[in-house]
Amino acid sequence: LAEQLTTVLSAQQFYDSQEIIAFTEFLGPNSFAGRHRDEDPKQLILFDIETAAGFLRPEMFIDHFAELPIARVIYQGKLTGKFTYDVREGRYDVAEGVVCKGGDAESIWMVKVKTNAYMERLKEAFASDWENYWE
């Protein structure tokens, strides 16, 4: 993603950083809990950017990077117990879960919410170590 990121970042005026960190997920069609099959094609999905000023606000990230392969936005709004419950119960079309992000320019927060089905897959795959792969 280096060339695409450089193009987008060079065109923007929201940073004055010597260093910008791009956070991505590396995955293939059969990836699970950070484990991959060698024969599968892989891709990088961009899910966050950090500059000297901190992490980008969610709306800024979406506005500036939507043309790149970014994590799919499934919900925009207040983080509620109902949303968390619905994610856990599998009411959104996600295999693993979601990363929620909010706040203002001075105070960005993030939290992961995984599905119950993903938790069960972790328990099957890792037995007593499953929590090491959880939220």
Linking I/L/V/M/F/W/Y whenever their side-chain heavy atoms sit closer than 4.5 Å, directly or via other members, would [X] and [Y] fall into one cluster?
X: Leu44; Y: Leu9; answer: yes
X: Met60; Y: Met110; answer: no
X: Ile62; Y: Ile108; answer: no
X: Phe47; Y: Ile21; answer: yes
X: Val111; Y: Tyr75; answer: yes

Open item on the list: I'd like to check the ring pair (Phe, Tyr, Trp, His ring centres under 6.0 Å) partners of Phe23; sequence neighbours left out, ordered by chain and number.
Closed with: Phe55
Give, for atom [atom1] of [X] and atom [atom2] of [Y], the distance between the pair rounded to the nearest 0.5 Å.
X: Ile70; Y: Ile45; atom1: CD1; atom2: CD1; result: 9.5 Å
X: Leu27; Y: Asp40; atom1: CG; atom2: CG; result: 10.0 Å
X: Leu5; Y: His64; atom1: CG; atom2: NE2; result: 13.5 Å

Open item on the list: Quick one, Leu1 with Thr24, criterion side-chain contact (heavy atoms from CB on, under 4.5 Å). Give me CA distance, side-chain angles, the key distance, then yes/no.
Closed with: CA-CA 9 Å; Leu1 294 176; Thr24 63; 4.1 Å; yes
TODO: Go through the structure and list residues passing side chain to side chain donor-acceptor pair (under 3.5 Å) with Arg57, not counting sequence neighbours.
DONE: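 For Arg57, the residues satisfying side chain to side chain donor-acceptor pair (under 3.5 Å) (neighbours in sequence not counted) are Glu59.
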- [ ] Identify, with sequence neighbours excluded, every residue that meets side chain to side chain donor-acceptor pair (under 3.5 Å) alongside Ser31.
- [x] His36
Task: Salt bridge Lys123-Glu120, side-chain N to carboxylate O under 4.0 Å - done: yes
Task: Hydrophobic cluster of Phe126, others only, ordered by chain and residue number, side-chain cut-off 4.5 Å - done: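 Members besides Phe126, by chain and number: Phe32, Tyr118, Met119, Leu122, Trp130, Tyr133, Trp134.
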TODO: Step through the shown structure and confirm whether more than 12 heavy atoms of other residues, nucleotides or ligands are within 6.0 Å of CD on Glu39.
DONE: yes
TODO: State, with a plain yes or no, whether a side-chain heavy atom of Phe61 is found less than 4.5 Å away from one of Leu46.
DONE: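 They are in side-chain contact.
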Listed pairs under 3.5 Å, donor-acceptor, residues 87-105 side chains, sequence neighbours left out:
{"unit_1": "Arg88", "atom_1": "NH1", "unit_2": "Lys114", "atom_2": "O", "d": "3.1"}
{"unit_1": "Arg88", "atom_1": "NH1", "unit_2": "Glu135", "atom_2": "OE2", "d": "2.7"}
{"unit_1": "Arg88", "atom_1": "NH2", "unit_2": "Glu135", "atom_2": "OE1", "d": "3.2"}
{"unit_1": "Arg88", "atom_1": "NH2", "unit_2": "Glu135", "atom_2": "OE2", "d": "3.1"}
{"unit_1": "Glu89", "atom_1": "OE2", "unit_2": "Asn116", "atom_2": "ND2", "d": "3.1"}
{"unit_1": "Arg91", "atom_1": "NH1", "unit_2": "Asp86", "atom_2": "OD1", "d": "2.9"}
{"unit_1": "Glu96", "atom_1": "OE2", "unit_2": "Lys114", "atom_2": "NZ", "d": "2.6"}
{"unit_1": "Lys101", "atom_1": "NZ", "unit_2": "Asp48", "atom_2": "OD1", "d": "2.5"}
{"unit_1": "Lys101", "atom_1": "NZ", "unit_2": "Asp48", "atom_2": "OD2", "d": "3.4"}
{"unit_1": "Lys101", "atom_1": "NZ", "unit_2": "Leu56", "atom_2": "O", "d": "2.5"}
{"unit_1": "Asp104", "atom_1": "OD1", "unit_2": "Glu106", "atom_2": "N", "d": "3.1"}
{"unit_1": "Asp104", "atom_1": "OD1", "unit_2": "Ser107", "atom_2": "N", "d": "2.9"}

Task: Residues which pass salt bridge (charged side-chain N to carboxylate O under 4.0 Å, His left out) with Lys112, listed by chain and number, not counting sequence neighbours - done: none
